[in-house]
There are 2 protein chains.
Amino acid sequence: MISQKAKYALRALLALAEMESDSISAGELAKGERIPRKFLEQILMELKRDGLIQSRRGVNGGYFLQRPADTITFGQVLRLFDGPIAPLPCLSRVAYRRCADCKDEGACRVRRVFAHVANSARAVLDQTTLADAIADPDSVDRISGLSINAS
Amino acid sequence: MISQKAKYALRALLALAEMESDSISAGELAKGERIPRKFLEQILMELKRDGLIQSRRGVNGGYFLQRPADTITFGQVLRLFDGPIAPLPCLSRVAYRRCADCKDEGACRVRRVFAHVANSARAVLDQTTLADAIADPDSVDRISGLSINAS
DNA sequence: ACATAGCCTACCAAACGAGTAGGCTATTAA
DNA sequence: TTAATAGCCTACTCGTTTGGTAGGCTATGT
C-alpha cells in the first residue's frame, strides 16, 4: 500500500499539470482535491524542495509545476514520499541495504522472486509520467500492455 | 517493502519444502534460518492456522508442509502476513475498500496507473510457488520473462 | 516421570502514518 | 501604509504497526 501522503502528492501534481491558470493556491487545491489543507502544505513543501514544483508568495500566490508534466514520473514521486519501490532492502537500487539475517544474497530465493516484482513495478512507475496519466485514459494502459481487468 | 515477518515465513516454508527428514522443530528451523525463535513460533502458528503447514507435538515433534510445495504460492503467504498486495485499497480484490477521499473511482488517474503495478505484481506472486523458487534458479526467472538485471 | 517441543496469551519499545496547530514572512491591493 | 492573502517552517499529537520478548501450559515419546 502506498501512503496517503504519496497519493495526495500525486493528485496534487496531476491537478497542477492540468490547470489552465498559471498557479493555484494550497487552499484551492486542498478544496478541489479534498486534501486536508495543512497536510497538503507540507506535501507541497517537499515537492518544492525536490524541485518538482515552484511557488509564488503573497496575494495571488500559489503553486505550479517547475518541469513539464512529461518529465515527472510516478516513480520519482513515490520514492520521494514512500522511499524505495523495491519490496526488499536488498533489491533497492536507490537505497540498497543488505538483509541483516541473510546468509547468501546471491542464493536467496525470496530475493530472486521479488526481483521480478520490483522490476515490473519499476517498469511501470518509472515510465509513466504525469502527462501520460492525464492524456487519453487508455494511453497509460498501453504502456504496460496489460488490461486493467487482467488477472 | 514486505514485512520481516512475511520474509521469515517464506524462508521457513522454503526450508520445510526442502528438508529431507519428515519434520523439523522450531528450534532447528530458527537456528538454520537465523530467525528469532519465539517470533518464528508465532509465524508457524499462523501458517498452521491457515492450513499451510502441520505440526506434531512432543519429543521428535516439529513442523512440515501440509500441502505439496507446488500448490503454495508466494501471493498466499504474502497476503496472510502483509494483507492485500494491491498498492491502493480500491485495487484490492481480496479486501476492496473505497478511498475515502476519492470523488470518482472510475476516473481516478492514480488508480489507473497503479492498477498496472498491482496486476503485474499479482502475475508474479500468484504464479510462483515454493516449488518454483526451490527448483533450478532460472525457472523462476522464466515465469515473468524478465531478467533480474533488467531496468 | 521427565525432557522435549508445540500452543497460546500477554506485553513492550520504537517507529511510522496521518494529520493539527500556530506562528512567521513575503507580496500586493486598497 | 496597512490589511489581507498566502506561502514557509517547526513542533506536537495520537493511534497503529512492527518486530520482537516472556512465560507458562500441554501433549508426547523414552
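We name chains A, B, ... by the order of the sequence lines, and we start the count at 1 in each one.
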note = Whichever of A:Q42 and B:Q4 has the more 5' nearest nucleotide on DNA chain D, that residue is A:Q42

query = Which whole-number value in Å describes the distance from B:E46 CD to C:dT9 P?
reply = 12 Å

query = More than 12 non-hydrogen atoms from neighbouring residues, nucleotides or ligands closer than 6.0 Å to CZ on A:R34, yes or no?
reply = yes

NZ/NE/NH1/NH2 to OD/OE distance under 4.0 Å, B:E28 and B:K31 = no

query = Quick one: A:Y63 OH to D:dC8 C1', roughly how many Å, whole number?
reply = 7 Å

remark   = Rounded to whole Å, the CD-P distance (A:E41 to C:dG22) equals 14 Å

remark   = Per atom distances to the A:K38 side chain, the nearest of C:dT4, C:dG23, D:dG19 is C:dG23

remark   = Quick note, A:F39 side chain, CB onward, closest among D:dA6, C:dC8, C:dG19 is C:dG19

query = What nucleotide, of D:dG29, C:dT27, C:dA18, holds the atom closest to the side chain of A:V59?
reply = C:dT27

Presence of A:N60 side-chain N/O under 4.0 Å of D:dA6 phosphate oxygens OP1/OP2 = no

query = So does A:D50 pair up with A:R79, basic N to acidic O under 4.0 Å?
reply = no

task = Please report, rounded to the nearest Å, how far the P atom of C:dG6 is from the CG atom of B:L29.
result = 9 Å

Nearest-angstrom distance from the residue atom CD1 of B:I53 to C1' of C:dG6 = 11 Å

task = Output yes when B:K38 and B:E41 qualify as a salt bridge under the 4.0 Å nitrogen-oxygen rule, no when they do not.
result = yes

task = State whether A:R111 and A:E105 are salt-bridged, where the test is any N-O pair (Lys NZ or Arg NE/NH1/NH2 against Asp/Glu carboxylate O) under 4.0 Å.
result = yes

remark   = Rounded to whole Å, the NZ-C1' distance (A:K48 to D:dC9) equals 12 Å

query = Taking OP1 and OP2 of C:dG19, is either one under 4.0 Å from a side-chain nitrogen or oxygen of A:K5?
reply = no

task = Report the distance from atom CZ of B:R49 to atom C1' of C:dC8, rounded to the nearest whole Å.
result = 9 Å

task = For D:dC8, take OP1 and OP2 only and decide whether either is under 4.0 Å from a side-chain N or O of A:S55.
result = yes

ask   = Contact class for A:Y8 vs. all strands (heavy atom < 4.0 Å): base, sugar-phosphate, or nothing?
value = sugar-phosphate

task = Choose from D:dA6, C:dC8, D:dT28 the nucleotide whose nearest atom is closest to any side-chain atom of B:R57.
result = D:dT28

query = Rounded to the nearest Å, what distance is computed from the CG atom of residue B:L16 to the P atom of nucleotide C:dG6?
reply = 11 Å

request  = Could you pick out which residue, B:D82 or B:G58, lies toward the 5' side of DNA chain D when each is mapped onto its nearest nucleotide?
outcome  = B:D82

